[in-house]
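FYI, side chains are in, hydrogens and waters are out, and symmetry mates aren't considered; it's all heavy atoms of this structure.
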Amino acid sequence: QARLVQSGGGSVQRGGSLRLSCVTSTYISSAYCMGWFRQGPGNEREGVATIRSDEETSYAGSVKDRFTISKDRDSNTLYLQMDNLEPEDTAMYYCAASFNLDSWTSCSRRDSGTLNRWGQGTQVTVTA
């Protein structure tokens, strides 16, 4: 079974940048859907960005034009580049994936219901 191992995150000031990484233990090209999700204090989990195997991407409105999701097939790594960070971005961030076709349709809605592989989470803190 595929495992996801995250790295990156940390603490930055408003306007700063961070990059999150998520390495899969299997071929990343075999994932139908991968994405980044976050959960802040007192908030429900939110789909930040997803990417399908056909490279279609989807972003939450709050991060569009600031965050970029990408994949590197050579290293089997999913990335989330976060620029112009705001205190509202403070949360625990998780990468997730599905290697099942049933995740295809829901991927563009950033729906985590069909994603069955999750990273361990990494904290992102943005100070004012």
On a heavy-atom basis, the closest approach of Leu18 and Leu85 is N-CD1, 3.8 Å
Which atom pair, heavy atoms only, marks the closest approach of Tyr59 to Ile69? OH-N, 2.9 Å
Interatomic distance, Asn84 atom CG to Ser17 atom OG [nearest 0.5 angstrom]: 7.5 Å
Any side chain to side chain donor-acceptor pair (under 3.5 Å) involving residues 108-128? Give me the pairs, sequence neighbours left out, ordered by first then second residue. Arg45-Ser112, Ser58-Arg110, Ser106-Thr114, Gln123-Thr125
Looking only at atom types and distance, does a side-chain atom of Gln81 sit under 3.5 Å from a main-chain N or O of Arg19, one as donor and one as acceptor? no
Check: Cys95 main-chain N/O paired with Gln6 side-chain donor or acceptor under 3.5 Å: yes
Report yes or no: do Leu4 and Val23 belong to one cluster of Ile/Leu/Val/Met/Phe/Trp/Tyr joined by side chain heavy-atom distances under 4.5 Å? no
Side chains of Arg38 and Leu80: closer than 4.5 Å at any heavy-atom pair? no
Verdict with reasoning, Arg66 to Asp89, per side-chain contact (heavy atoms from CB on, under 4.5 Å): CA-CA 11 Å; Arg66 299 189 297 122; Asp89 297 316; 2.8 Å; yes
Could you go through Cys33 and Leu115, starting from their C-alpha distance and side-chain angles, then the distance that decides it, and tell me whether this counts as side-chain contact (heavy atoms from CB on, under 4.5 Å)? CA-CA 8 Å; Cys33 179; Leu115 303 181; 3.9 Å; yes
Return the minimal non-hydrogen interatomic distance between Lys71 and Ser53, and the atom names on each side. NZ-CA, 3.8 Å
Mind checking whether Val48 and Val126 sit in one hydrophobic cluster, side chains of I, L, V, M, F, W, Y counted as touching below 4.5 Å? yes
Does one hydrophobic cluster hold both Phe67 and Met34, with members joined at side-chain heavy-atom distances below 4.5 Å? yes
Roughly how far, to the nearest 0.5 Å, is the CG atom of Leu78 from the OG atom of Ser70? 7.0 Å
Verdict with reasoning, Ser98 to Tyr32, per side-chain contact (heavy atoms from CB on, under 4.5 Å): CA-CA 6 Å; Ser98 173; Tyr32 286 97; 5.5 Å; no
Contacts of Thr50 that satisfy side chain to side chain donor-acceptor pair (under 3.5 Å) - sequence neighbours left out: none
If you take all heavy atoms of Ser30 and Tyr27, which pair is closest and at what distance? OG-O, 2.6 Å
Met82-Trp36 co-clustered via ILVMFWY side chain contacts under 4.5 Å: yes
Flag if over 12 foreign heavy atoms under 6.0 Å of CD, Gln13: no
Transitive ILVMFWY side-chain link Tyr79 to Tyr93, under 4.5 Å: no
Applying side chain to side chain donor-acceptor pair (under 3.5 Å), name anything that partners Glu56, two or more places apart in sequence or on another chain. none
Tyr94 vs Cys22, test: side-chain contact (heavy atoms from CB on, under 4.5 Å). Steps then yes/no. CA-CA 9 Å; Tyr94 299 89; Cys22 174; over 6 Å; no
Please round to the nearest 0.5 Å and tell me the distance separating atom CD of Gln39 and atom CD of Glu46. 10.5 Å
Heavy atoms of Gly121 and Met92 approach each other most closely as C-SD, 3.8 Å
I need the Leu20 CG to Thr77 OG1 distance, nearest 0.5 Å. 12.5 Å
